[in-house]
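A quick write-up on the structure given underneath.
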Amino acid sequence: MAAVTLYHFPYSAPSRGALLAARAVGVPVEIKEINLFEGKHLEADFIKINPQHTIPTLKDGDFVLWDSHAIASYLVSAYGKDDKLYPKNPQQKAIVDQRLYFDVGILYRRVRAIFFPVVRLGEKTVSDEKKKDVEEALGWMDQFLTGRPWLAGTEFTIADCACAASISTLVEMGYDISSHRKTTEWYEKCKAELPGFDENLEGAKILGDIFKQKVDPGQI
Ligand SMILES: N[C@@H](CCC(=O)N[C@@H](CS)C(=O)NCC(=O)O)C(=O)O
């Protein structure tokens with residue numbers, strides 16, 4: 001199997017989510033690091049590949065794709081040995097999709113609303129409203145996990161890869177998720193069972209450490 005190319009930045013949760021999916025699929029990946037902090041994503045060569053200049057971006061031969069969630073489902077459809085990571089059954093697939101859209105529209109967005117202004121814009125505090133938004137998202141995750149060990153059922157799927165990347169960023173920022181029992185138990189399973197989780201954690205820790213250095217003490 002030829003390697004796919006992933007334009008990747010390890011600090012980025014979406015980028016790590018796509019890489020977790022690739023590791024779960026088992027497709028060989030050639031990683032090309034695009035350092036967002038150095039503005040590499042805005043250079044002409046990368047804009048030619050992805051005019052939206054977001055990380056992650058996948059190149060598979062002449063085929064180019066971005067958005068980590070789209071990349072994850074493509075990798076399973078193109079290279080998965082079976083459909084466990086992204087079921088073909090319409091209802092099971094729809095549940096995975098719902099969790100993926102939850103990550104795009106709610107979970108990652110709310111985590112980012114906390115770290116981005118601190119890490120990139122020099123803010124020192126985190127509002128109660130932003131923490132409330134994250135608490136609400138974690139509460140919904142606990143409900144998704146009621147009666148099932150993984151977000152979409154009895155097997156882990158690409159929805160777990162995406163949400164694990166977002167949650168690992170949150171945890172490494174020093175956010176205490178322990179009052180959300182099911183999400184906490186799920187996160188422990190992710191650590192133990194998701195292929196490539198340690199690699200994911202390395203990037204999350206770097207971003208988390210930058211956040212912790214920059215934010216005022218006691219903010220989260
Ligand atoms: N929904 C997208 C989000 C991608 C995204 O916003 N990536 C950020 C890094 S976390 C990025 O590339 N930012 C640079 C930019 O938008 O110019 C995905 O899941 O891939």
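Counting starts at 1 for both ligands and their atoms, following the listed order.
The closest side-chain heavy-atom distance from I220 to M173 is below 4.5 Å. Under the 4.5 Å side-chain criterion, counting only non-hydrogen atoms from C-beta, I167 is in contact with L107.
Between Q52 and ligand 1, a contact under 3.5 Å exists for no N or O pair. On a distance-only criterion, I55 and ligand 1 share at least one N/O pair closer than 3.5 Å. Considering backbone and side-chain atoms alike, S68 places an N or O below 3.5 Å from some N or O of ligand 1. Residue D67 has at least one nitrogen or oxygen atom sitting less than 3.5 Å from a nitrogen or oxygen atom of ligand 1, judged on distance alone.
What sits closest to atom 3 (C) of ligand 1 on the protein, heavy atoms only, is P14 CG, 4.2 Å. The protein heavy-atom contact nearest to atom 13 (N) of ligand 1 is L36 CD1, 4.2 Å.
With a 6.0 Å radius and a threshold of 12 heavy atoms from other residues, nucleotides or ligands, K124 has its NZ atom above the threshold. Annotation: R120, atom CZ; neighbour count of heavy atoms from other residues, nucleotides and ligands within 6.0 Å is above 12.
Below 4.0 Å from some heavy atom of H41 lie the following atoms of ligand 1, by number and element: 14 (C), 15 (C), 17 (O).
Y11 does not carry R16 over the face of its six-membered ring by the limits of under 6.0 Å from the centre and within 45° of the normal.
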